[in-house]
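Ligands are counted one by one from 1 in listed order, and the atoms in each one are counted from 1 as well. From a predicted model like this one, the values you see are computed outputs, not experimental measurements.
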Amino acid sequence: MIKTEKLTKVFSTEDVETFALRGVDVHVRKGEFVAIMGPSGCGKSTFLNIVGLLDNPTGGTYSFNGTDVSNLKEEDRTQYRRGNIGFVFQSFNLIDKLNVYDNVELPLLYLKMKGAERKKRVNEVLNRMKIGHRAKHFPQQLSGGQQQRVAISRAVVANPVLILADEPTGNLDTKNGIEVMNLLSELNQEGATVLMVTHSARDAGFAHRTINLLDGQVIRENRN
Ligand code: ADP
């Protein structure tokens, strides 16, 4: 589903060039749950942003479901992303001015889903994530664990084939962190491919495979 070859990203500012990725080869098959690890600053977030079509690489190739998407224009990236990919971030990234329901509805509005179908789908997901009773509340009225459940609801409401998670438990305590990891694991078992960046060995333990971003080597493989 995801194949990067010699993926490179250089950030150029006026007089400084920062090499964020230096030739990354990663292959994730449909239905897998893969964790990416590596020291701070090695390019994990940059990698996830490129795989999530939030940014383009400066070199190498990235193919998604067999299509080369390395050099899409921004509007094409956005369209591709909305139809296929759900994002979960460490800092939840919810819109403060929108209540829980409206935050989760947003991806379906972008996809122009019809009213009744939209309402059914949003309520279905909120109930599935055990956050339906908070639909009218605003993000700042929720605990971190609840906010991340809303963020996961938003990520999956449009039924993406790929879920990308950037340190999804980084702002959560142990209990909520494990709950979030169990949710990601369930979503994977229900068919979504999951790619997660983490520095947590505990979280990586939920994945089928853990890859070191620096050399593309498998650090650990779970055969359960
Ligand atoms: P990680 O997630 O592994 O901590 P990042 O992907 O955030 O690493 O960053 C990799 C490198 O790229 C770092 O040196 C960082 O400072 C640099 N970097 C990331 N984003 C930008 C940017 N927009 N402009 C310039 N440098 C950046």
Close residues (non-hydrogen atom under 4.0 angstrom from ligand 1) work out to Phe11, Thr18, Ala20, Pro39, Ser40, Gly41, Cys42, Gly43, Lys44, Ser45, Thr46
Between Glu117 and Lys120, does the salt bridge (Lys or Arg N to Asp or Glu O under 4.0 Å) criterion hold? Intermediate values first, please.
CA-CA 5 Å; Glu117 194 188 350; Lys120 180 166 173 277; over 6 Å; no
The residue among Arg154, Arg118, Lys119 that forms side chain to side chain donor-acceptor pair (under 3.5 Å) with Glu105 is Arg118
Margin query: Between Ser45 and Asp166, does the side-chain hydrogen bond (donor to acceptor under 3.5 Å, both in side chains) criterion hold? Intermediate values first, please.
Written below: CA-CA 7 Å; Ser45 295; Asp166 195 348; 3.1 Å; yes
- Task: Please lay out, stage by stage, how Asp68 and Thr61 fare under the test side-chain hydrogen bond (donor to acceptor under 3.5 Å, both in side chains).
- Result: CA-CA 7 Å; Asp68 187 343; Thr61 57; 5.5 Å; no
Point to revise | Asn99 backbone acceptor or donor facing Asn103 side chain under 3.5 Å | key: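 Such a contact is found between Asn103 side chain and Asn99 backbone.
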- Query: Hey, are Arg128 and Glu190 close enough for a salt bridge, meaning a charged N less than 4.0 Å from a carboxylate O?
  - Reply: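 Salt bridge present between Arg128 and Glu190.
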